[in-house]
Every structure is written in structure tokens, then in C-alpha cells.
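Some notes on the structure that comes next.
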Amino acid sequence: MLPTPSYRLTDQQKESVYDPAEDSFLLMDAIESELEVIKSSSPLIALEIGIGSGVISAFLAKSLPSVSLLSLGTDVNRDACEAATTTARKNGVRVEVVRCDLASAFLSRLAESIDILLFNPPYVPTDEMEVDASDLSRCWAGGARGISTLQRLLPQVTELLRIGGLFYVVALKENGIDQLLKHNERLRGSIVMERRAGIEYLYILKFERIL
Ligand SMILES: C[S@@+](CC[C@H](N)C(=O)[O-])C[C@H]1O[C@@H](n2cnc3c(N)ncnc32)[C@H](O)[C@@H]1O
């Protein structure tokens, strides 16, 4: 296992920025297991939505030392954007972080040009009111079936990915894995990794844009 990038949240950031947990580690494990696939796709641009502390993007960039990757990240939380920028600097990688909703800052600028798209979304099934209640609730509250935020992104995935591009996303069993895998005929969905983490059963789903 490649080491987790070092990161440190300030006292203020600890109040609202997601501290990497089992879901973050599972996504990093999946990236590591997919490294040869990722390398063989000759990636130039990676975008992580909901970058949080920045460890995932730093991990990807550090795992591909010989690739000159343009690493981009977004988050709605201002403190997360700052934390991710600091994490990248601490780990000697460059990640351009933009505060915006989902991938909105890149939709027209980078249409159909993203090679690797990553998202560890808020996935816990909750009341819909909790989804955007605060920066902290945006870390975990997923609304009905836990996919309210992810569902807003899904129609944009083919607008962002180039053909052959890859989207890795964390999902919970209760999110409806079979339905997610088949949600778009232009994306070939598969399960890359799955693991029980306490009361959660987590998956890393991979979607390859085929059309
Ligand atoms: C579960 S945390 C994941 C953080 C980090 N990527 C990780 O894996 O440790 C979800 C992240 O998504 C962000 N987020 C939630 N809704 C968002 C939205 N609509 N647009 C951008 N980021 C969002 C949250 O602020 C939070 O940083």
C-alpha cells in the first residue's frame, strides 16, 4: 500500500472539513489497484469533486510520478478548498482547487476532456433537508437513498469525461448499486472494490465512457 499523503487540518477546518475515513481509504486502495489501468489510459487531466482534505487527489498525483497530470479539485466548502491546497503543497504535488458546486467551474472549459474523475460523495440516506444544511452535513448527508448529490452529477459525467475516460465513485449498498451501474448506456459500470467498514458496506464503482 502506498502511504496516505500527509495532511493536517487546522482547528477551524476540523469543524467542517471531512477527515479522511474508511471511504477515503477504500477509494485510495481502489486507485492503487487500478494504477496500471489508469496509466495505460495515458491520463492528462484528473478532476476530484468534493476534494475535502485533498488526500485523494494528492494520492493520485503521487502515484503517477512519471505522468505530467493536470490535477483539479472542487468543493463547495471554502475551508476544504484551503485544506486541499495545503495538502497538495505539503506533498509536493500541484492541485488546482476551485470552490464551486460539483464540476460547474469546468463544464464548459473542459467539456469531454477529463481522463480521471473521482468523487467520494455524501452518501448516507437522510432527510432531504439535511443535504445542504451546513458544510458539515454536506460531507455525509445524501438525502433520499443517499444519492441526491450524486444524482445531480451523473448527467454531467459524459459531458466531462472523454471517451475512454474513467469515473471512480464511492457508494453505499443502500444507494442501489445495480441501478447506479446501469444508469447510462454510454458508461460501462463495474465494481472495483467492496468492503465492510463498521455498519457501512462500501463499494468503489468504476464507469468507463464507451460512447
Ligand atoms: C465524504 S466527503 C469526501 C472528502 C474527500 N474527498 C475524501 O474522500 O476524504 C464529501 C465532500 O464533498 C463535498 N461536497 C458536498 N456537496 C458538494 C457539491 N455539491 N459540490 C462540491 N463539493 C461537494 C463536501 O464538502 C465534502 O468535502
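FYI, side chains are in, hydrogens and waters are out, and symmetry mates aren't considered; it's all heavy atoms of this structure. One-based numbering, in listed order, for ligands and for the atoms of each. From a predicted model like this one, the values you see are computed outputs, not experimental measurements.
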So, is [X] polar-close to ligand 1, with some N/O to N/O distance under 3.5 Å?
X      : answer
Asp101 : yes
Asp135 : no
Asn120 : yes
Ala80  : no
Asp23  : no

query = Hey, are Tyr168 and Asn120 close enough side-chain-wise for a donor-acceptor pair under 3.5 Å?
reply = no

query = Does the side chain of Tyr18 pick up a donor-acceptor pair with the side chain of Asp75 at under 3.5 Å?
reply = no

Any idea which atoms of ligand 1 are less than 4.0 Å away from a heavy-atom of [X]?
X      : result
Gly52  : 4 (C), 27 (O)
Cys100 : 20 (N), 21 (C)
Arg138 : 15 (C), 24 (C)
Arg152 : 19 (N)

Return the residue, atom name and 0.1 Å-rounded distance of the protein heavy atom closest to [atom].
atom                    : result
atom 20 (N) of ligand 1 : Leu102 N, 2.7 Å
atom 14 (N) of ligand 1 : Val76 CG2, 3.8 Å
atom 4 (C) of ligand 1  : Gly50 O, 3.5 Å
atom 25 (O) of ligand 1 : Asp75 OD1, 2.6 Å
atom 9 (O) of ligand 1  : Ser24 OG, 2.8 Å

Exam field: side chain Gln13 to backbone Thr10, donor-acceptor pair closer than 3.5 Å =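 Present.
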
key: Side-chain donor/acceptor of Asn175 to backbone N/O of Leu172, under 3.5 Å   = yes

query = More than 12 foreign heavy atoms under 6.0 Å from CZ of Arg8: is that the case here?
reply = no

query = Should we say atom CZ of Arg195 is surrounded by more than 12 heavy atoms from elsewhere, each under 6.0 Å from it?
reply = yes

query = Considering only heavy atoms from C-beta outward, does the side chain of Ile191 approach that of Leu205 to under 4.5 Å?
reply = yes

Are any of the heavy atoms in [X] under 4.0 Å away from ligand 1?
X      : answer
Val55  : no
Ser16  : no
Cys139 : yes
Leu27  : no

Spell out, yes or no, whether [X] and [Y] are grouped together once hydrophobic residues are joined by side-chain heavy atoms under 4.5 Å, including indirect joins.
X      : Y      : result
Leu202 : Leu180 : no
Val93  : Ile51  : yes
Leu166 : Leu110 : no

query = Is it true that Arg109 and Glu96 have a side-chain N and a carboxylate O under 4.0 angstrom from each other?
reply = yes

key: Carboxylate-amine/guanidinium proximity below 4.0 Å for Glu200 and Lys173   = no

task = Could you tell me whether Ile51 approaches ligand 1 through its side chain, its backbone, both or neither, with non-hydrogen atoms closer than 4.0 Å?
result =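 Backbone only; the side chain of Ile51 stays clear of ligand 1.
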
